[in-house]
Amino acid sequence: MENKYTYKEAFEELQEIVSAIETGDIPVDELTVKITRASSLLEICKAKLTDSEAEVEKLLQKLEKENPSDPAADTEA
């Protein structure tokens, strides 16, 4: 699923939809469309978070390989 949204943009639009649903500002005729859009936005946010988590994990593994911790240093106080 390719998208051009940033996490922030998708999350803000999602918040707007949720707020409108909670306050009853969305006509019943548009509710299905808004819920479908909200579902798409949730997928975008989830994908962005998953990608970021994977990238952080890669960086942590790389740092660990470059700078292995000294077990003796961990026990010293």
Side-chain angles (χ1 to χ4, degrees):
M1 170 176 51
E2 184 181 336
N3 66 72
K4 59 183 184 254
Y5 293 95
T6 65
Y7 176 85
K8 182 180 179 184
E9 291 168 337
F11 187 73
E12 286 175 353
E13 185 178 344
L14 180 59
Q15 284 181 308
E16 289 172 11
I17 292 170
V18 170
S19 178
I21 290 171
E22 288 177 342
T23 60
D25 291 342
I26 297 178
V28 173
D29 296 334
E30 294 178 26
L31 192 56
T32 302
V33 172
K34 292 295 184 179
I35 290 173
T36 301
R37 178 65 180 152
S39 178
S40 296
L41 292 166
L42 281 170
E43 288 298 318
I44 291 168
C45 290
K46 182 179 176 182
K48 298 270 185 194
L49 289 172
T50 301
D51 291 347
S52 293
E53 181 180 29
E55 192 63 32
V56 168
E57 187 61 35
K58 285 181 195 176
L59 291 171
L60 290 174
Q61 289 175 359
K62 181 180 176 184
L63 287 173
E64 182 63 30
K65 287 179 183 177
E66 292 174 358
N67 303 307
S69 63
D70 180 4
D74 291 340
T75 59
E76 295 178 13

Practice problem: Output every pair passing ring-ring contact (aromatic ring centres under 6.0 Å, His included) with a member in residues 7-49, not counting sequence neighbours, ordered by first then second residue. | Solution: Tyr7-Phe11
Quiz prompt | same_hphob_cluster(Leu49, Tyr5) at 4.5 Å side-chain heavy-atom cutoff | solution = no
Quiz item: What pairs of residues pass the salt bridge (charged side-chain N to carboxylate O under 4.0 Å, His left out) test when at least one of them lies in residues 52-61, not counting sequence neighbours?
Solution: none
Quiz item: Where is the tightest heavy-atom contact between Ile26 and Lys34, given as atom of each residue plus distance?
Solution: CD1-CG, 3.6 Å
Quiz item: When rounded to the nearest 0.5 angstrom, what distance separates CD in Gln15 from CD in Glu22?
Solution: 10.5 Å
Quiz prompt | Nearest heavy atoms of Ala20 and Thr23, plus distance in Å | solution = O-OG1, 3.3 Å
Quiz prompt | Nearest-0.5 Å distance that lies between atom CD1 in Ile35 and atom CD in Glu30 | solution = 12.0 Å
Exercise. For residues Leu14 and Leu41, report the shortest heavy-atom separation together with the two atoms involved.
Key: N-CD1, 3.7 Å
Quiz item: Linking I/L/V/M/F/W/Y whenever their side-chain heavy atoms sit closer than 4.5 Å, directly or via other members, would Ile17 and Leu31 fall into one cluster?
Solution: yes
Practice problem: Quick one: pull up CZ in Arg37 and CG in Leu42 and give me the separation to the nearest 0.5 Å. | Solution: 10.5 Å
Quiz item: Which atom pair, heavy atoms only, marks the closest approach of Glu9 to Lys4?
Solution: OE1-O, 4.0 Å
